[in-house]
Amino acid sequence: MLNKSVISILNKTKNVFQFRCFSSKVPSIPVQTLEKKETERIKLDTNTISLLERLSLVKCDTDEGVKVLEDSIAFANKILHINTDKIEPLYTVLENQNLTLREDKITQGNCQADILKNAVLKEEEYFVAPPGNIPLHEVQIESNKQTKQVKNEN
Amino acid sequence: MKYSMLSKRLLYTYNKIHKCGISSHYKKEWQSVVGLEVHAQLNTESKLFSGAENTFGGLVNNCVSLFDAAIPGTLPVLNKKCVELGVLTALALSCKVNEVSSFDRKHYFYADLPAGYQITQQRAPLANDGAIHFQVYTPGIHKKPYNKSSKIKQIQLEQDSGKSLHDAELKRSLVDLNRAGAPLIELVFEPDLEDGEEAAALVKELVLIVQRLGVCTGRMEEGALRVDANVSIRRVGDPLSTRTEIKNIGSVRGVAGAIQHEIERQQSILENGGHIINETRAWDAIAKITIPMRDKEVVQDYRYMPEPNLPPLRVNLNTIEDNEDVISVPLIKERIPELPEESRTKLIAKYELRPEIAVQLVNEPVLLEFFQKIIVEKARNPSKVANLLLNDLLTVLNKRKINVTYCPITVKQLEELVDLLLDKKISLEICRKTINELVENTSFSPIDIIKQKGWLLITDEAEITKNCVKVIENNPKLVKQYKEGKIKVFKALLGILSKTTDNKLDMSIASKKFEELLKK
Amino acid sequence: MNKLTTYSIKEIHKSFRDKLLTPTSFVDLCIQRARQTKELNAFINITDEEAENHAIESEKRVYVEKKSKPLDGITIAIKDNFCTKNIHTTCASNMLKNFVPTYDATVYSRLIGSGACLVGKSNLDEFAMGSGTVDSIFGPTRNPWCYSEDWRISGGSSGGSAVAVATGSCVAGIGSDTGGSTRNPAALCGVVGLKPTYGLVSRYGLIPLVNSMDVPGILTRNIDDLIVILNCVAGPDILDSTTIKKDFKPIKIIDDIDMSKIKIGIPSEYYCEGMSEDVLDVWRSVADLLENEKCQVCTVSLPHTSVSIAVYSILNQCEVASNMARYDGLEYGLRASEDYSTEELYASTRSEGFNNVVRSRIFAGNYFLLSRNYDKYFLKALKLRRLIADDFNKVFHGENSVDLLLTPTTLSEAPLYKDFTSKHNRDQCAFQDYCTQPANMAGIPAISVPIRLSKNNLPLSIQLMGPTLSEELMLNVAKKIETTLTSETLKNLNVSIENLPQKCQNLLQQAAESQSVLEIDNLDSVSISLHRSREISEKLQDEYEILKLKQRNAELQAKIDRNNRSLQELRKELESSKQSLTRQNPNPDNIQDHIKQLKQKLTSYEENYEKAKSKYAVLSVPEAVLPKSLISQVTSLLALQEEATSLKQRADDISLMKEARETFNRLRR
C-alpha cells in the first residue's frame with residue numbers, strides 16, 4: 001500500500017513539473033467590455049406600464065416591478081450604440097436548413113382524455129373559461145352586475 | 001379573336017360610364033373605401049402544424065393533438081399540402097410567390113387561443129402583390145356587370161383558433177379546441193373597393209376560385225371562408241381616414257349588407273359633426289346592423305416575434321423538380337384549372353351570351369354544368385337556355401327555398417323542356433309552371449305533365465282566328481283607336497287576347513292573325 | 001467510500017457480466033445513495049418504482065435474453081423540465097406543480113429505449129431561469145463539496161442533475177443548456193457537462209426557455225460515459241423541426257489521435273473583470289498541457305464577446321414573454337379561483353404560479369417586443385447575435401483558423417449561497433454566464449471538463465468550444481486532457497461521513513481497524529460483498545486442497561498394502577526355499593557353492609527386504625501428522641468465519657447508525 005501511494009505522488013509531481021511553462025497564450029489582462037458604461041435611465045410613463053400589464057397579465061405594475069423593468073431596460077441600453085449597419089438579423093442558427101415538410105396524414109389527436117387530463121376545471125369535455133371579449137353593450141350590463149356584486153360583498 | 005377584343009374595349013368604356021352612375025348613388029362629396037381580409041380554411045386531412053384531424057364537427061376536443069392544446073414542450077411541424085394549396089392559390093391570383101418565407105407569432109390572450117399566440121406569416125409571407133379580377137353585377141341593383149379588380153397585398157398561411165361557446169346564463173365560455181391549429185390561408189386585399197356590392201362580388205369570385213382549385217370548400221355558412229371588412233369614408237381627394245373593421249362576416253350577402261350599413265353609419269356620424277373611432281365591430285345578421293366588439297380605449301399590440309421553432313420555408317421557383325422539403329412552384333402552376341373569368345369570357349365568345357348572363361351562370365356552378373350539358377346537343381339557343389335556367393328554374397328553386405346544389409330536376413328533363421319551349425310548343429309561363437310541377441313530382445317527364453294539364457300552345461289557325469275575332473268584337477273602342485293610328489293599343493289588345501285565352505295561344509301566330517284581321 | 005462515483009458504464013457492465021453486481025442491485029444502490037444525500041436536495045422526485053421496473057427489464061435482457069442494450073442498468077437523472085409520461089414534471093414552479101404529462105420527451109424515451117433506469121427528476125431554477133439552482137419552489141440545491149452551515153451553490157440551472165451525478169446517485173444526468181445551464185453546474189460540482197450543437201439533440205418534450213438557444217445537456221463523470229449517452233440521444237427527430245436533418249454518425253474515441261494536427265485557440269476576450277486567480281491558473285495549466293501534447297496553441301480574438309450577455313438578456317426575455325403566454329390555467333397548470341373575467345383569471349393564475357424572476361422577465365420581454373421597440377431592441381439584438389456568431393465563424397473557418405477554443409467555464413469556484421443570493425438574478429446570470437453564453441448564441445457545441453480542486457477544495461474546470469457538429473474532435477481532445485490529468489477530483493469527494501454523532505464515529509473506527517486487519521480498502525457494501533466472495537473462494541480452495549491430500553493418502557495407502565503383500569510373498573518364498581534347502585541332500589562338492597549361492601540369494605533377498613523396508617519407511621506417511629494439519633486448518637477456517645460474521649454485524653450496525661443520523665437531521669430541520 002505504501003508503494004502505491006508513493007507512486008501516485010510521484011505521478012502527480014511529474015505532471016506538475018511538466019506543466020509549468022506559464023503559457024503566454026492565456027491573456028494576462030482582462031478585456032475592455034464593448035458595453036456602454038453609463039446609460040441614461042428611462043422613466044416609464046403610466047400608459048406604457050398599464051399597456052404592458054395588460055399584455056403580460058403578471059401583476060408587475062408595482063413600484064418594485066417597474067424598477068426591475070427599468071433596470072432591465074438600462075441593461076439592454078448598454079449595447080444599442082454598437083454599429084450594426086448592413087447586418088442581417090440572425091433569426092435562427094439553422095437559417096440555411098430548409099423547413100421540414102410533413103405528409104398530410106392524420107397521425108395525432110384522438111386522445112380526448114389526454115388533452116383534458118391536466119385541466120383543473122372542465123365541463124363535459126369542454127374547457128371552462130370566464131366570459132371575455134364579448135360585445136360592448138353586453139359588457140356594460142355585466143359590469144353593472146359586477147359592481148352590484150362587489151358592493152354586496154363589501 | 002378580334003371580336004372579343006372589341007367587345008372587351010366596349011365593355012371597358014361602358015364600365016367607366018356605368019361606375020360613375022353607381023357612385024352617384026351616394027352624395028358626391030363622400031367617397032367610401034373598402035378593403036377586405038379573407039380567411040379561408042384549407043381543405044386538408046390534417047392541421048397546419050400538427051397531425052390532428054382537420055374536420056368540421058367531430059367529438060369535442062378529440063381532434064386535438066398535444067401541440068394544438070399548447071401542452072408545454074410540444075413543437076410545430078409544417079404540413080406540406082398546406083404549402084401546396086397556398087402556392088396554388090397565390091398563382092391563381094397572379095401573385096408573386098416568395099422563394100423564402102417565414103412564420104411569426106402574433107400574441108394576444110383569448111380563451112380559444114391556448115398558446116397565447118397565433119402562428120402566422122407577417123414579416124415574410126408566402127406570396128405578395130397579386131390581383132383578383134371579377135365582375136360586379138347584382139341583379140336588381142346593377143343594370144349591367146362591370147369589371148373590377150382588387151390588388152392583393154399578401155397571402156399567408158396561419159393557424160385557426162378554437163371555438164368558444166358563450167354561456168351567458170352561467171357567465172362562462174366553454175372552449176372546444178377541435179378547430180385550434182386548423183390551417184387557414186389569409187388573403188389581404190388593398191383598400192381599393194368602393195362599396196358593399198363590389199366587396200360581395202369579390203367574395204363570390206373568391207369562393208368560386210377556391211372551390212375550383214380544391215383549396216377550400218367555400219362554405220361560408222360552415223365558417224370555411226370568413227371575411228373581415230375595413231371600411232372608411234373620406235372626402236374626394238383627401239387621404240385615407242380612420243377605418244373600422246367588421247369581423248367575421250359569414251355570407252356573401254352579409255358582406256354587402258354589413259359594408260353598406262357601415263358606410264351609411266359613418267356617413268351619418270360625419271355629417272352630424274362627429275368622428276369615427278378606430279374599432280372592431282361585428283355584423284348582426286338578424287338586426288342588420290354592425291355593433292362594436294371590444295372595449296373602446298383598448299390599444300392592442302400583437303408584439304410579432306419570429307417563430308423560433310420553424311426554420312425558413314423555401315420553395316423552388318425555377319424547376320419542376322419536386323423535393324421532399326422544397327416544393328416546385330412551376331409544377332403546381334400546371335395544376336391550375338380553368339378559372340371563372342376564363343369561363344365567363346368563353347361563354348360570351350362562344351355562345352354570344354350577354355355579360356350579365358355569363359356572370360350569373362358562372363356564379364352558379366350547378367347551373368353552369370346544366371347549361372354546358374344542354375348546349376352540347378341539338379344546337380339549342382344558348383341565350384334562351386340560359387334564361388330558362390337563371391330566370392325560371394332558379395326562381396322556382398328560390399321560392400321553394402331549395403339550394404341549387406340539391407336541385408331535384410334532371411338534365412334530361414330540362415332538355416325536354418327546353419326543346420318544347422324552343423319548338424314553341426309551350427309558352428314561357430307554362431314552362432315555369434311545369435318546372436314547379438316537376439319539383440314536386442320529379443318522376444314525371446315534362447311532356448306528360450303538359451299533356452295532362454292541357455298546357456300545349458294552341459297553333460290551330462282557325463281556333464286562333466276565332467278568338468281574335470271575339471276580342472275585336474268585344475273591344476270596339478280599342479279597335480277604333482288602333483284604326484285611328486294609335487299603334488300602341490295593339491299591345492293592349494294582344495294582352496286582352498292572351499288573357500281571355502288563358503295564355504294558351506301561340507302568340508306569334510296570333511299577333512299576325514290579329515294584325516291581318518285589324519287591317520280589314 | 002466512493003465506488004459509486006468512480007465506476008464507468010463500461011465497468012458497471014463488466015460487473016454485471018461477472019455477476020458482482022446486477023442491474024437491480026446497482027439501481028438499489030443508486031437509489032440508496034440518492035436518499036442518503038437528501039440533504040443536498042438534488043432531486044425533486046425520486047422515482048423508485050420506475051427505476052425498479054426499468055432495472056428488472058434490464059436484468060431480463062442481460063441475463064435471460066442475452067440481448068443487452070447499450071444503457072442497460074445505467075441509472076439516470078432527468079432535469080424536471082423534460083416531460084416524462086405519467087410522472088410529475090414541475091419545472092420547479094407552482095404553475096406546473098401538479099402537471100403530469102401524457103407523453104415522453106424524445107431524449108427521455110431514447111434513453112429508456114436504450115435500457116436506462118430513471119432514478120428521479122432533478123431540481124432546477126424555476127423554468128430554468130437562473131444560474132444557481134436557488135430559485136426553486138422545492139428549495140435550493142447544495143454543492144456536495146461544501147454543504148454544511150456555510151454552504152455553496154451547485155450552479156444552475158441544471159444543479160440537481162450535476163449533484164446527482166457527482167454524488168453517485170446516478171451514472172448520467174440530463175440537463176438543459178440555454179446560457180450555460182449544464183456547463184455551469186458541471187464546473188461547480190466537478191463533473192463533465194456537454195452542450196451539444198443546436199439541433200443535434202431533439203428538444204421535443206423539453207419545456208422551453210429560449211427556443212432558439214435551448215439544447216438538452218448531458219452530465220457524466222467521465223468522457224467515455226458522455227459519449228455513450230450522446231450516441232443514444234443524438235440524431236434527427238421528426239417531431240422537432242429544429243433538429244439537424246443529417247443522419248447522426250455515432251462518436252468514438254480515436255485511440256492514437258494526432259494532437260499535433262490540432263489547433264487550439266485562446267480567445268483574449270474571455271478574461272473578464274472579476275475572474276478569479278484559481279480559474280486563470282487552471283486555464284493556463286491546461287493550455288500548457290495541450291502544448292505539451294504537441295497541439296498548436298495560439299491567441300485568437302472574438303471581439304463581440306462582451307456584448308453577448310446583454311444581447312442574451314434581451315432575446316431571453318422576449319422569448320420568455322412569448323413562451324409563457326400559454327400559462328393561463330385553462331388547459332393545464334395552476335388555476336386561480338377568480339372567474340368573473342378572463343383577464344383577471346389569467347393575471348391571478350400567472351402571478352400565483354410564477355416567481356419574481358419569471359414574471360419580471362415576461363414583463364421586460366413584452367416591453368422589448370412592443371411594435372415601437374421592436375427594431376430598437378429585438379432586431380438590434382438579433383443583428384448583434386449575427387456579429388457574435390460571425391466571430392466564431394471567422395475563428396473556425398477563416399484565415400488562420402483553429403479547430404477548438406479553450407476558455408474557462410465559470411469565473412470562479414462555487415460561490416457561497418449567501419454571496420450568490422445577494423445579487424439580483426439577472427445580474428448574477430450576467431456574471432456567471434459570461435463564458436458559457438456565447439456558445440448558445442452561435443449554436444456551437446461546448447463542453448466543461450473538471451481539472452482539479454482549488455485551495456478551498458472546490459472543483460475547477462475549463463471549457464472547450466468547437467464549430468458546429470465538431471463533437472467528435474472536441475470529445476477526443478477532452479478525453480486526452482482527462483487521461484493526461486488522471487483527474488482525482490471526484491475521488492476526493494467525501495459526502496456525509498464527518499457529521500455523524502460520536503457513537504457512530506467509534507463504530508466506524510472499530511470497523512476501520514478490522515478493515516485494515518482484513519486488508520479491505522474501502523468500507524462499502526460493494527467491497528464487503530467482494531471480500532465475502534473472496535473468503536468463500538478461499539474456503540473452497542482449502543477444501544479442495546484437503547480433498548487432494550486425502551486422495552493422495554489413499555493412493556499411498558494402497559501402495560503400502562501392495563508392498564506389504566509383496567514382502568509377505570518374498571518372505572514366504574524365503575521360508576520355502578530354506579525348507580527345501582534343508583530337505584535337500586547336501587552334496588559335499590557343491591555344498592559350499594550351494595551355501596554360497598544360498599547366501600547370495602539370502603543377501604539379495606535381504607537387500608530387497610531392506611530396500612522394500614526403506615521404501616516402506618519413505619512411503620508411509622505418518623498418520624499422526626495429517627489429521628493434525630487438517631484440524632489446525634479447519635480451526636483457523638472456523639476462526640475466520642466467525643470474524644467474517646462479526647464484521648458483517650458491525651457493517652449492519654453502521655448502516656443503522658447512518659439511518660438514525662438521517663432521521664435525526666430531518667427532525668432537526
Side-chain angles (χ1 to χ4, degrees), chain A residues 47-58 88-119 121-143 145-146 149, chain B residues 44-47 50-54 59-69 71 77-83 102 107-112 164-168 171-177 282 291-296 298-299 301 303 306 308 310-314 323-327:
Chain A
N47 277 335
T48 312
I49 301 292
S50 50
L51 172 66
L52 279 180
E53 183 54 47
R54 197 161 29 77
L55 298 177
S56 318
L57 292 179
V58 285
E88 284 301 306
L90 182 68
Y91 294 106
T92 168
V93 296
L94 299 173
E95 59 188 3
N96 293 321
Q97 187 169 268
N98 296 324
L99 178 54
T100 313
L101 296 178
R102 176 180 56 88
E103 286 302 312
D104 183 29
K105 286 200 202 94
I106 301 169
T107 55
Q108 293 171 320
N110 204 16
C111 53
Q112 194 196 58
D114 284 352
I115 298 293
L116 297 170
K117 180 170 172 193
N118 280 294
L121 200 56
K122 300 183 268 258
E123 174 73 39
E124 274 185 44
E125 285 87 48
Y126 285 93
F127 296 106
V128 180
N133 287 73
I134 34 183
L136 194 61
H137 49 271
E138 273 185 56
V139 170
Q140 281 174 343
I141 298 167
E142 293 286 15
S143 60
K145 276 197 198 149
Q146 273 168 38
Q149 237 180 356
Chain B
T44 57
E45 292 289 318
S46 58
K47 294 185 178 176
S50 78
E53 192 181 349
N54 177 24
L59 211 58
V60 173
N61 279 320
N62 197 39
C63 301
V64 182
S65 74
L66 295 174
F67 173 74
D68 301 323
I71 300 289
V77 184
L78 182 57
N79 181 339
K80 186 172 186 174
K81 184 120 186 260
C82 296
V83 183
S102 63
H107 300 88
Y108 60 95
F109 286 116
Y110 204 74
D112 61 16
S164 50
L165 314 170
H166 299 291
D167 182 352
K171 289 220 208 124
R172 61 186 185 173
S173 294
L174 297 177
V175 180
D176 173 16
L177 296 178
I291 43 175
M293 264 183 83
R294 314 234 171 104
D295 296 325
K296 282 191 181 174
V298 158
V299 174
D301 191 325
R303 292 150 289 142
L310 295 169
L313 170 65
R314 286 197 175 82
N323 182 302
E324 214 175 75
D325 292 331
V326 182
I327 60 170

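Note on naming: letters A, B, ... go to the chains in the order of the sequence lines (proteins, then strands), and numbering restarts at 1 for each one.
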* To do: Mind checking salt bridge (Lys or Arg N to Asp or Glu O under 4.0 Å) for B:Arg172 and listing every partner two or more places apart, or none if nothing turns up?
  => A:Glu123, B:Asp167
* Could you tell me which portion of B:Asp301 (side chain, backbone, both or neither) has an atom closer than 4.5 angstrom to a non-hydrogen atom of chain A? => both
* Asked: Who among B:Lys81, B:Arg314, B:His107 has the most heavy-atom pairs with chain A under 4.5 Å?
  -> B:Arg314
* **Leading residue by heavy atom contact count with chain A [cutoff under 4.5 Å; candidates B:Leu78, B:Ile327, B:Leu59]** => B:Leu78
* To do: Sort out for me which of B:Ala52, B:Ser173, B:Pro311 touches chain A most, counting heavy-atom pairs under 4.5 Å.
  => B:Ser173
* Any idea which heavy atoms bring B:Ala111 and B:Val175 closest together, and the distance? -> O-CG1, 3.7 Å
* Structure fact -> Cut-off 4.5 Å, heavy atoms of chain B, and the answer for A:Thr92 is side chain
* Asked: Based on non-hydrogen pairs under 4.5 Å, which of A:Leu51, A:Thr107, A:Leu55 is most in contact with chain B?
  -> A:Leu55
* B:Asn61 backbone acceptor or donor facing B:Asp176 side chain under 3.5 Å -> yes
* For residues 97-111 of chain A, which residue pairs qualify under salt bridge (charged side-chain N to carboxylate O under 4.0 Å, His left out), counting only residues two or more places apart or in two chains? -> none
* Asked: Does A:Gln108 use its side chain to pair, donor to acceptor, with the backbone of B:Gly51 at less than 3.5 Å?
  -> yes
* Measure B:Glu53 against the heavy atoms of chain A and call it side chain, backbone, both or neither at under 4.5 Å. => both
* Using non-hydrogen atoms and a 4.5 Å limit, figure out which bit of B:Pro312 sits close to chain A: side chain, backbone, both or neither. => both
* Asked: What residue in A:Pro89, A:Ala129, A:Pro130 has the most heavy-atom pairs under 4.5 Å with chain B?
  -> A:Ala129
* Structure fact -> Distance col, row A:Leu101:CG vs B:Asn79:CG, nearest 0.5 angstrom, shows 8.5 Å
* To do: Heavy atoms only, distances under 4.5 angstrom: which of B:Asn54, B:Thr44, B:Asn323 has the most pairs with chain A? Name it, please.
  => B:Thr44
* Over all atoms of both residues, closest heavy-atom pair of B:Ser164 and B:Asp112 -> OG-OD2, 4.1 Å
* **Sidechain-backbone polar pair: A:Ser56 side chain, A:Glu53 backbone, donor-acceptor under 3.5 Å** => no
* To do: Tell me, out of A:Leu94, A:Thr100, A:Val93, who's got the most heavy-atom pairs with chain B below 4.5 Å.
  => A:Thr100
* Whether B:Asp68 side chain and B:Leu177 backbone form a donor-acceptor pair below 3.5 Å -> no
* Name the member of A:Leu116, A:Asn96, A:Leu57 that forms the most heavy-atom pairs with chain B at distances under 4.5 Å. => A:Leu57
* Using a cut-off of under 4.5 Å on heavy-atom pairs, state which of A:Glu95, A:Gln112, A:Gln97 scores highest against chain B. => A:Gln112
